[in-house]
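This report concerns only the one structure given below.
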Amino acid sequence: MSYLGENIKKLGFGLMRLPQKDDVIDVEQVKEMVDLFMKAGFTYFDTAWAYAGSEDAIRQALVERYPRESFQLATKNAAWINCKTKEEAWAQFDTSLKQTGAGYFDFYLLHNLGEARTKYFDDYDMWNWIKEKKEAGRIKHIGFSFHSTPEELDALLTAHPEMEFVQLQINYADWDNPAIQSRGCYEVARKHGKPVIIMEPVKGGMLATPPESVEKIFKEAEPDSSAASWGIRFAADLDGIITVLSGMSSVEQMKDNLSYMEHFTGLTDEQKKVLDRAREEMSRIPLIPCTTCNYCAKVCPKQIGISGSFTAMNYLTLYKNKAAALHQAEWLVGGHGLKPATECIKCGKCEEACPQHIKIRDELVKVSENLLN
C-alpha cells in the first residue's frame, strides 16, 4: 500500500539547531551541509516560524541555490506564541513565505499541539484556514506536530481526519516511557492511517551520549557506529514513516548521519536485539517510577509541578546533563504555570493519591538539592 512520502528518503534535515558563528547562524556551513545532504539524495528540510533565523538561513542555503522542485520544505505555525487574534496567527504563514522565499510549502504543520496549546488552533479557526491554504495551492500537505498523550492524539485525529500526517517524538529510550508514550502515540497515528514524521530520534542530542552502560552495548555490537546512529536507525525502521528528522548542528554530524542512512534498508534482527538490550539496560537505571498520571497534582495545595520535576530529575540521572534537565523543568513546570519543588510544604496529600506509592516528598527534596540548587 502506498502512502504519503513513501518516496522520500528516511532522513530529514531538522533546522532547529543550525551551526552558530559569533552567535548567529553560520550560513556558509549550512550551505556545505545542504550540499552534502542533497548530493546523497536526501531532500526533506524541516524549519519553523519559531526557529529564530532558521527560515532565512534555509532561503540562502537551499531555496536560492537549488531548483524548487528538487526538495521538500516544511515549516510550522505556532499560534500559541504571542498571538492575540486569528489574524496574527494566520500572518505567521506570510512571514514564513517571505523568510524562506519558497513560494509554497510541501508540508505545513500546526505546531506543537497538545494540552492547553490546542485551544489556540481551535479558537483561531486554524483547521479551516490551513485547508483553504492547501486548496489555494500554497501548501501541498497539511498536518501537525504533537506533544501529549495517545488519548488526546486519538481525539484530534478523529475530529480532523483531513490532516494528512502527524509529527511525533519517537526514540528507543521513550518508546515505552510513560511520560512520553512514544509507542502509544505512534500506534494511534497508524490506527488512523496517518504516516508519521519522527522528531527527536536522538532526544535532543541526549542519545548521542547515552548512559555509559548503554553505550557499551552499542560499541560492543558495532565499534565504528555512533550512538546517535542507533537512535535514528531505530526510528527509520518503523512502518509508515515519511522521514526521520535529525537536528544537525555541524558538517561532522551531517557526514555521520549520511554514512549510515544513505543506503539504509532497515534493521537486521541482530540490530533489533541490540536495541532491546540497550533499552533493557536503560530500564535498570534507578529512576523515579512516575507515570505522569498527575493524581498528585489534583490534590497539591501549592500546585507543585510534581511529575514535571520528576521527569527533569530522571533526565539528570540518565544523561548527567544538568542544563538539559533544567530545560525540562522550565518547560514542564514553569511553562505550565506550576510551582517548583522548592515550594513543597510536605503536607503529604500527594502521597495519599499516588498509585505508584512514590515517596513524593523525599523525591522533591532530592530535586531541590540536586537540580534546583
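All values reported here derive from a predicted model rather than from experimental measurement. Numbers for residues simply follow the sequence, beginning at 1.
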For a quick test of your reading: what N or O donor-acceptor pairs under 3.5 Å do the side chains of residues 329-344 make, sequence neighbours left out?
{"from": "H336", "atom 1": "ND1", "to": "W331", "atom 2": "O", "distance (Å)": "2.8"}
{"from": "H336", "atom 1": "NE2", "to": "E115", "atom 2": "OE1", "distance (Å)": "2.8"}

**Q.** Set of ring-ring contact (aromatic ring centres under 6.0 Å, His included) partners for F165, sequence neighbours left out
**A.** F107
Q | Residues E32 and R65 bridged, charged N to O under 4.0 Å | A | no
Q) What distance separates T292 OG1 from Q356 CD, expressed to the nearest 0.5 Å? A) 10.0 Å
Q | Nonpolar side-chain network containing I345, other nodes, edges under 4.5 Å | A | none
Q) Are L371 and I358 co-members of a hydrophobic cluster defined by side-chain heavy atoms under 4.5 Å apart? A) yes
Q) Looking at CD of Q72 and CZ of R68, how far apart are the two atoms once the value is rounded to the nearest 0.5 Å? A) 8.5 Å
Q) Below 4.0 angstrom, N of the basic side chain to O of the carboxylate: do D122 and K119 qualify? A) no
Q. Distance under 6.0 Å and angle within 45° of the ring axis: does R138 meet both against F93?
A. no
Name the atoms and distances for all side-chain donor-acceptor pairs under 3.5 Å in residues 295-312, with sequence neighbours left out.
{"from": "S307", "atom 1": "OG", "to": "N294", "atom 2": "OD1", "distance (Å)": "2.7"}
{"from": "S309", "atom 1": "OG", "to": "G305", "atom 2": "O", "distance (Å)": "2.6"}
{"from": "T311", "atom 1": "OG1", "to": "S307", "atom 2": "O", "distance (Å)": "3.1"}

Q: Might you confirm whether atom NZ of K349 has over 12 heavy atoms from other residues, nucleotides or ligands at distances under 6.0 Å?
A: no
(Q) Check E351 with K359, please: is the shortest side-chain N to carboxylate O separation under 4.0 Å? (A) no
Q: Describe, in one word, how the ring planes of Y108 and F105 are oriented to each other, choosing from parallel (under 30°), tilted (30 to 60°) and perpendicular (over 60°).
A: tilted
Q: Identify whether the distance between the nearest side-chain nitrogen and carboxylate oxygen of D276 and K273 falls below 4.0 Å.
A: no
Q. Hey, does the side chain of N373 reach the backbone of S368 with a donor-acceptor pair shorter than 3.5 angstrom?
A. yes
(Q) My understanding is that a hydrophobic cluster links ILVMFWY residues whose side chain heavy atoms are under 4.5 Å apart, including indirect links. Using that, what else belongs to the cluster containing I180? (A) none
Q. Side chains of F218 and S225: does their closest heavy-atom pair fall under 4.5 Å?
A. no
**Q.** Least distance between heavy atoms, F37 atom then T43 atom
**A.** CE2-N, 3.7 Å
Q: Decide, yes or no, whether a salt bridge links E280 with R277 under the criterion of side-chain N to carboxylate O below 4.0 Å.
A: no
Q | CZ-SG distance between R190 and C185, expressed to the nearest 0.5 angstrom | A | 14.0 Å
Q. Thinking salt bridges, do K76 and D46 make one under a 4.0 Å N-O criterion?
A. yes
Q.
According to side chain to side chain contact (heavy atoms under 4.5 Å, CB included), who are the partners of K140, at least two apart in sequence or on a separate chain?
A. Y104, D106
Q. Hey, what's the ring geometry for H160 with W127, parallel, tilted or perpendicular (30° and 60° as the breaks)?
A. parallel
Q. Hey, are the side chains of L153 and L168 touching, using non-hydrogen atoms and a 4.5 Å cut-off?
A. yes
Q: Write down the atom of I285, the atom of L318, and the distance for their closest heavy-atom approach.
A: CD1-CD2, 3.7 Å
Q: Measure the spacing between CH2 of W49 and CD of E55 and express it to the nearest 0.5 Å.
A: 9.5 Å
Q | Contact check, side chains of R279 and F234, non-hydrogen atoms, under 4.5 Å | A | yes
Q: To the nearest 0.5 Å, tell me how far M163 CE sits from L157 CG.
A: 9.5 Å
Q) Is any side-chain N of the basic residue among K21 and E28 closer than 4.0 Å to the acidic one's carboxylate O? A) no
Q. Is the shortest heavy-atom distance from the side chain of Y260 to the side chain of D256 under 4.5 Å?
A. yes
